[in-house]
Amino acid sequence: EMPYRDFLQAPLQPLMDNLQSQTYETFERDPVKYAQYEQAIYKALVTRHKDDESVCLVVVGAGRGPLVRCALRASKKAETKLRLYAVEKNKNA
């Protein structure tokens, strides 16, 4: 099944090490987490930035882009123009 669940894992060090693409794939298998991120971004846009012409958002550690996609969907739903910057140091992402 999933043998890695039976062992303690060393904590990931994404600032020090470049994570493998498979690691990002594992992260992305959590739809609840990304739905919550999207909802949080949406709420911030409609409550804190409802009168702003546009909002600047920087996703640091963007990985393969799921948070970027969440932000874009939230922006569209909130009808808010978004200036989005995605920063990722890992070329494997």
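This one's a predicted model, so the numbers in the text were calculated from it and none came from an experiment. This chain uses plain numbering: 1 for the first residue, then up along the sequence.
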Less than 3.5 Å apart, which donor and acceptor atoms pair up between the side chains of residues 48-58 and the rest of the protein, not counting sequence neighbours?
unit_1: H49; atom_1: ND1; unit_2: D52; atom_2: OD2; d: 2.7
unit_1: S54; atom_1: OG; unit_2: R83; atom_2: NH1; d: 2.7

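- D30 is linked by a side-chain hydrogen bond (donor to acceptor under 3.5 Å, both in side chains) to nothing, counting only residues two or more places apart in sequence or in another chain.
- Residues passing the salt bridge (charged side-chain N to carboxylate O under 4.0 Å, His left out) test with E88: none are found, sequence neighbours excluded.
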For this session: Apply side-chain contact (heavy atoms from CB on, under 4.5 Å) to the pair L19 and F27, showing each step before the final yes or no.
Result: CA-CA 11 Å; L19 303 178; F27 293 159; 4.0 Å; yes
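- Residue K89 places its NZ atom among more than 12 non-hydrogen atoms of other residues, nucleotides or ligands, all under 6.0 Å distant.
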For this session: For side chain to side chain donor-acceptor pair (under 3.5 Å), just list the numbers for N92 and Y24, CA-CA rounded to whole Å, side-chain angles, deciding distance to a tenth of an Å, and then say yes or no.
Result: CA-CA 9 Å; N92 298 322; Y24 289 101; over 6 Å; no
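- By the neighbour-count criterion of 12 heavy atoms within 6.0 Å, atom NZ of K43 is sparsely surrounded, having that number or fewer from other residues, nucleotides or ligands.
- The main-chain N or O of A78 is found under 3.5 Å from a side-chain atom of T80 such that the two form a donor-acceptor pair.
- One distance of note links OH of Y34 with SG of C70; it measures 7.5 Å at 0.5 Å rounding.
- In terms of hydrophobic clustering, with Ile, Leu, Val, Met, Phe, Trp and Tyr side chains grouped at heavy-atom distances under 4.5 Å, Y37 and Y42 are assigned to different clusters.
- For R73, the salt bridge (charged side-chain N to carboxylate O under 4.0 Å, His left out) criterion is met by E38, not counting sequence neighbours.
- Pairs of residues two or more places apart, or lying in two chains, never qualify as salt bridge (charged side-chain N to carboxylate O under 4.0 Å, His left out) while including a residue from residues 8-19.
- Both Y85 and V60 sit in one connected hydrophobic cluster of ILVMFWY residues. Membership requires side-chain heavy atoms under 4.5 Å apart, directly or through other members.
- Of all non-hydrogen atoms in A71 and L84, the two that sit nearest each other are CB-CD1, 4.4 Å.
- Applying the salt bridge (charged side-chain N to carboxylate O under 4.0 Å, His left out) test to every pair with at least one member in residues 60-70, sequence neighbours left out, gives these pairs: E28-R64.
- Of the inter-residue distances, the one linking I41 atom CD1 with Q36 atom CD reads 11.5 Å to the nearest 0.5 angstrom.
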